[in-house]
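Reading through the structure tokens given below for one structure.
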Amino acid sequence: MRTNEEEHYEELGKEFFRRVQGDRQLQELLQQFAHEQIKHHPHTFHSHAFGEGQYTNEQIQQAHKHISIDDHHFESMVGHFVQTLDDHGYSEAEKMKAIEMMKGYKENVIGK
């Protein structure tokens, strides 16, 4: 039996991927991966955005080192995630916290 939290993450994930897949500039990047490889991202984004992350900076860097993610890709993904949070009733303070936390990982994700 699924919990409300699991259902919440599933709904966040569906909405997030709908947004990302509709972004023409991210489609080329995402075509490199099977859905199974990236389906955990909304939950991972959420956990790291709210300080509950399970991956170290080194693990994040290692996971992204062979992916050509640039500033635009990163900012777009964060933007889509925050829009999804907005659609699900998160407060402005929660969204700002998410943005701040996610931007803290930027160098690890884009490799700079």
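Owing to the predicted nature of the structure, the values given are computational and were not obtained by experimental measurement. All residue numbers refer to positions in the sequence shown, counting from 1.
Checked by atom type and distance alone, the side chain of H64 pairs as donor or acceptor with a backbone atom of I60 at under 3.5 Å. No donor-acceptor pair closer than 3.5 Å links the side chain of E15 to the backbone N or O of L12.
In this structure, H88 has no ring pair (Phe, Tyr, Trp, His ring centres under 6.0 Å) partners at least two apart in sequence or on a different chain. A search for salt bridge (Lys or Arg N to Asp or Glu O under 4.0 Å) contacts involving E100 returns nothing, not counting sequence neighbours. Taking the salt bridge (Lys or Arg N to Asp or Glu O under 4.0 Å) definition, one finds that D23 meets it with nothing, sequence neighbours left out. For Y105, the side-chain hydrogen bond (donor to acceptor under 3.5 Å, both in side chains) partners are H48, not counting sequence neighbours. Partners of M101 by side-chain contact (heavy atoms from CB on, under 4.5 Å), not counting sequence neighbours, listed by chain and number: K97. By the salt bridge (Lys or Arg N to Asp or Glu O under 4.0 Å) test, E75 pairs with K103, K106, sequence neighbours left out.
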Given side chain to side chain contact (heavy atoms under 4.5 Å, CB included), test M77 with F16 step by step and report yes or no.
-> CA-CA 9 Å; M77 290 288 243; F16 177 68; 4.1 Å; yes

Between D70 and Q25, does a side chain to side chain contact (heavy atoms under 4.5 Å, CB included) hold up when you go through it step by step?
-> CA-CA 11 Å; D70 62 23; Q25 300 215 6; over 6 Å; no

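The distance from the OG atom of S91 to the CG atom of L85 is 9.5 Å, given to the nearest 0.5 Å. Here the CG atom belonging to L26 is positioned 5.0 Å from the NE2 atom belonging to H80, to the nearest 0.5 angstrom. For the atom pair Q62 CD and N108 CG, the distance stands at 11.0 Å (nearest 0.5 Å). To the nearest 0.5 Å, the span separating CD on E92 from CD1 on I99 amounts to 8.5 Å.
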